[in-house]
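In what follows, a single structure is set out as structure tokens and then discussed.
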Amino acid sequence: MIRLFLILFFLLTVSCSDDASDNGDDTSSDNLDSSSESDLLNDSDSNMDTSFGDTGSDTENRDTESDSGTENMDTETDTVDSDPFVPPDDLLIQAECAFGIGTGDCTGAGAVDGTNINLADNPQLENGDTTVGYIDSGIWLSYPGIDLTDYNSITINVSSDGGGGTYEIRIDSPDGQLIGTLTLPDTGDWTAWEAAEADLMATSGVHTLYIVGGGTNDTGIGNLDWFMLKYIAPPTYLDIHATVSDRVEDLLSRMTLNEKAGQMAQGAVSSVSTSEVTSLALGSVLSGGSDGPYPYGALDWADHTDKYQQAALNTRLGIPLLYGIDAVHGHGKLRGATIIPHNIGLGATRDLALVKKLGRLTGVELAATGCFWTFAPAVSVARDIRWGRTYESFGESPDLVSSMTTFIEGLQGTDLSQSGNVLATAKHYAGDGGATWGTGISNQIDQGDAIMSEESLRAIHIRPYYDAVDKGIGSIMPSYSSFNGVKMHENGYLINTVLRDEIGFTGFTISDWDAVYDLSAGSFAGQIRDAVNAGVDMFMYPQDYSDFITTLISLVGNGVTQSTIDNAVRRILTVKISMGLFEHPFADRTLISEIYSDSHRALAREAVRKSLVLLKNTGSFLPLSSSDSVCLTGSGANSVENQSGGWTLGWTAPSVTPIGETVREALDSYLSGKTGNRVTTGCNVGISVITEDPATYAEMYGDMANPSHDNSQSCTAANGCVLVILGGRPLNIEAILNDSKYKAVVMAFYPGSEGGGIIDDLYSVNGAKFTGKLPMTWPVDAVNTPVNYCNSNGADNDNSKTADECEDTGAHYSNTSNPPASVLFPYGYGLTD
């Protein structure tokens with residue numbers, strides 16, 4: 001960083017102005033009638049120019065609420081502001097109190113009443129010095145109404161006889177966003193003054209500035225005489241008024257090969273220390289399925305991610321890191337997050353506007369904790385319900401999955417640098433949902449081989465990536481799986497030629513967890529060489545990140561060209577700068593109050609209501625009456641864990657109990673004050689909530705030849721029961737459907753934290769009705785060949801090949817009104833009560 005020791009000993013009149021920010025949010029909520037695939041496409045948001053890279057970056061950053069609308073960043077042209085940038089004047093502000101002199105108590109813990117004052121009104125110390133402010137560890141001075149726009153440096157005139165230490169510069173609260181850290185000199189005497197300078201993160205708008213004693217053990221003690229905010233022309237890569245492309249090229253020109261290799265490496269925080277982030281100049285870290293700062297609270301997460309981010313900023317060039325996390329249905333690693341339905345349930349809603357809002361919800365809760373990158377959404381097209389990742393898919397139809405990419409717009413917003421927006425990842429490119437049973441791990445399906453023509457791969461599994469790229473997706477993760485025997489991580493044709501050249505993807509690719517170890521080359525070096533040349537930019541080596549860096553460096557000029565490395569790093573840096581990470585790298589703690597807020601819970605509950613699919617309703621058994629006594633049974637009746645499924649405070653199962661409302665709690669709340677009540681025997685009606693068996697699972701652990709439920713249902717009610725199913729895919733339920741005691745059957749998928757949405761539909765609370773439609777064909781059983789709905793009139797994506805989504809492995813049908821005998825419920829099925 002450039003530091004300029006410029007000290008001015010004259011006082012300036014302080015003027016402050018309000019900076020009005022425009023808080024926008026998308027309030028559209030029109031539901032789509034998606035009984036036909038053409039409706040889904042016609043109602044999708046229009047395509048837009050969203051490529052990363054060449055944009056003037058004189059924009060409001062993460063301290064500004066963003067509108068998560070349909071348009072994304074326009075980065076096609078290399079432009080800057082028409083008016084030349086005029087730096088602000090230096091702003092000098094006096095401290096106000098010391099040892100009882102002035103208008104505040106500087107000796108106690110907590111707030112000290114600092115303010116902007118006029119010198120003519122300043123009280124003076126007996127020795128004639130300007131009034132000062134005293135700061136000890138944990139004490140802070142606050143200065144409201146400071147317009148911080150374009151200031152990037154602070155000089156503080158201090159005296160100290162307390163051993164030095166640090167002052168932290170924060171905004172809006174004593175524990176608010178950290179924008180600078182000043183090393184406090186030991187001047188040897190309380191009246192021996194010295195000016196110390198620190199860089200500030202670029203921050204726009206009017207804020208309250210806090211100077212916080214940040215030391216411990218009697219450090220961080222000093223008298224503050226005055227401080228001055230200054231603008232110092234930074235190197236181009238730190239200049240927010242330069243174009244993204246100019247900033248990237250300037251930074252790239254300053255980097256060593258070691259630093260470039262570090263940017264291409266990602267390690268897991270269970271293995272990576274903060275000191276290694278600094279010494280290796282790592283570009284990214286991630287939390288694995290069960291990694292996180294116990295007990296997983298919001299402040300735990302914010303402190304944790306900020307610690308890793310600070311380690312990255314301590315490197316020579318101060319390149320911020322990307323903290324990645326699998327937030328696949330809300331911030332599932334945060335205890336107390338709003339857990340939304342898994343993708344399979346969202347596909348059942350057919351509500352593109354709602355899905356976009358849920359993306360925004362997820363992004364806000366992630367940004368509050370400093371996790372600015374999620375490995376979501378999966379745009380896999382799941383064609384075989386035996387696959388353990390089925391619930392990560394929006395459904396079996398490429399048209400449906402493509403339409404659901406509005407989730408990306410919710411996550412990334414119109415400008416990645418604005419508050420609450422996070423980087424999304426489309427995964428797993430391409431064909432993971434089309435693997436053939438028997439070709440995967442343990443002769444099952446996960447990480448298996450998609451055996452089909454290129455035309456079918458394009459029509460079914462590559463199709464959603466066109467929409468993801470149109471919506472500005474910033475990163476894409478190749479799949480563990482193969483296409484006709486070639487692992488995706490070494491398939492340069494599909495990554496470089498199809499994804500980049502044909503589809504136009506300009507973000508960066510990130511490998512899956514240790515996936516490069518599965519490549520065909522016989523050595524670690526050979527696998528890295530082949531993946532880099534195939535177009536993988538960042539490498540997820542959870543434990544072996546250091547070996548990756550060393551090996552990659554050795555390959556330059558020996559199988560990997562320097563230009564290939566530069567292009568990969570260029571793509572990574574372009575995304576980081578577009579995200580505003582250089583200006584606002586730390587957790588946005590101002591958003592913590594949004595986590596599990598009433599508005600977020602209401603949105604998630606709406607998603608639950610709209611995701612429920614009514615499969616059976618004999619004699620209009622539903623909706624239930626609030627005057628009836630009701631028995632509630634089943635393993636899912638009182639379990640947020642079972643409601644949420646995998647990837648919730650753990651990988652395959654929660655490591656701590658999630659927070660949320662169970663079906664039983666919601667039922668008791670609804671019946672409170674009504675004539676009906678919940679009883680254990682002698683009930684009029686019953687509700688059985690069963691779960692998939694096992695209730696929670698992830699990836700290959702969910703591969704199952706014939707997915708079924710746990711048989712925990714029980715119906716002793718006089719008038720019959722409703723069966724509610726929690727699970728990630730169609731299950732073997734034919735026996736229950738034929739059981740006359742069960743008058744109604746509802747598929748609830750994995751609804752997440754808001755079990756009340758189930759009660760809303762069962763009782764038609766406030767007029768709620770069943771509107772969900774099956775996103776997958778429900779077969780009689782899964783033992784035989786999978787059966788899928790297909791649209792034989794699919795679009796020709798590349799204008800040169802015949803698109804036909806009816807030619808992959810398995811049976812097919814195009815008429816949902818007359819499905820084959822192997823189909824229990826066709827794609828799009830769903831009763832309304």
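Remember, predicted model here, so these are calculated numbers, not experimental data. Keep in mind that the numbers below use all heavy atoms, side chains included, and drop hydrogens, waters and symmetry copies.
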Apply salt bridge (charged side-chain N to carboxylate O under 4.0 Å, His left out) to residues Glu583 and Arg247 and explain how you reach the verdict. CA-CA 13 Å; Glu583 293 72 49; Arg247 293 178 68 180; 2.7 Å; yes
One pair to check against side chain to side chain contact (heavy atoms under 4.5 Å, CB included): Ser284 and Tyr308. What are the steps and the verdict? CA-CA 10 Å; Ser284 178; Tyr308 276 92; over 6 Å; no
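Under the 4.5 Å side-chain criterion, counting only non-hydrogen atoms from C-beta, Lys260 is in contact with Leu252. A heavy-atom distance below 4.5 Å is found between the side chains of Leu91 and Tyr151. Side-chain contact between Ile476 and Thr425 is absent, with no heavy-atom pair separated by less than 4.5 Å. Using a 4.5 Å heavy-atom cutoff, the side chains of Val285 and Leu322 are not in contact. Between Asp150 and Ile240, some side-chain heavy-atom pair lies under the 4.5 Å cut-off. Residues Thr208 and Ile146 are not in side-chain contact: their nearest non-hydrogen atoms beyond the backbone lie 4.5 Å or more apart.
Going from atom CD1 of Ile473 over to atom CD of Gln412 covers 5.0 Å, rounded to the nearest 0.5 Å. If you take CG on Leu411 and OG1 on Thr405, they are separated by 11.5 Å, rounding to the nearest 0.5 Å. Between the NE2 atom of His241 and the OG1 atom of Thr243 there is a distance of 13.0 Å, given to the nearest 0.5 Å. Here the CG-CZ distance, from Leu313 to Phe582, works out to 9.0 Å after rounding to the nearest 0.5 Å. In this structure, CG on Leu573 lies 10.5 Å from OH on Tyr237, to the nearest 0.5 angstrom. Atom SG of residue Cys371 and atom NE2 of residue His331 lie 4.0 Å apart, to the nearest 0.5 angstrom.
A salt bridge links Asp537 with Arg500: the distance from a Lys NZ or Arg NE/NH1/NH2 to an Asp or Glu carboxylate oxygen falls below 4.0 Å. The residues Arg589 and Glu594 are annotated as not salt-bridged, no charged nitrogen and carboxylate oxygen being separated by less than 4.0 angstrom. Under the 4.0 Å criterion applied to side-chain N and carboxylate O atoms, Lys230 and Asp90 are not assigned as salt-bridge partners. Classification of Arg570 and Glu249 as a salt-bridged pair holds, one side-chain N sitting under 4.0 Å from a carboxylate O. Using a 4.0 Å cut-off between charged nitrogen and carboxylate oxygen, Asp303 and Lys307 do not count as a salt-bridge pair.
Closest approach of Ala265 and Leu282 over heavy atoms only: CB-CD2, 3.9 Å. Here the shortest heavy-atom pairing between Gly330 and Thr362 reads CA-OG1, 3.6 Å. What you find for Ala568 and Met264 is that their closest heavy atoms are CB-CE, 3.8 Å.
Looking only at distances, no side-chain donor or acceptor of Gln266 sits under 3.5 Å from a matching main-chain atom of Met538. Panel note: side chain Asp246, backbone Ala242; no donor-acceptor pair is recorded below 3.5 Å. Listed for the Trp301 side chain is a donor-acceptor partner under 3.5 Å among the backbone atoms of Lys333. One N or O on the side chain of Ser475 and one on the backbone of Ala424 form a donor-acceptor pair closer than 3.5 Å. A donor-acceptor distance shorter than 3.5 angstrom exists from the side chain of Asp300 to the backbone of Gly297, with no hydrogens or angles considered. Asn421 places a side-chain N or O within donor-acceptor distance of the main-chain N or O of Asp415, the cut-off being under 3.5 Å. Here the side chain of Gln177 pairs no donor or acceptor atom with the backbone of Ala587 at under 3.5 angstrom. With Thr374 contributing its side chain and Asp326 its backbone, the two residues share no donor-acceptor pair below 3.5 Å.
There is a side-chain donor-acceptor pair under 3.5 Å between Gln263 and Lys576. Using modelled atom types and a 3.5 Å distance limit, the side chains of Ser275 and Thr278 yield no donor-acceptor pair. With no hydrogens or angles considered, no side-chain donor-acceptor pair links Asn258 and Thr256 at under 3.5 Å. Residues Ser419 and Asp588 have side chains that bring a donor and an acceptor to within less than 3.5 angstrom of each other. Under the 3.5 Å distance criterion, with hydrogens and angles disregarded, no donor-acceptor pair is assigned to the side chains of Thr181 and Thr166. Side-chain polar atoms of Thr509 and Tyr429 form no donor-acceptor pair below 3.5 angstrom. Donor-acceptor pairing under 3.5 Å is recorded for the side chains of Gln310 and Asn314.
Under the 6.0 Å cut-off for aromatic ring centres, Tyr596 and His600 do not qualify, their centroids lying 6.0 Å or more apart. Phe85 has its ring centre less than 6.0 Å from the ring centre of Tyr231. Taking the six-membered ring wherever Trp is involved, the centroid distance between the rings of Phe505 and Tyr465 does not fall below 6.0 Å.
Considering Tyr545, Phe548, Phe508 in turn, Phe548 is the only one that fulfils the ring pair (Phe, Tyr, Trp, His ring centres under 6.0 Å) rule with Phe539.
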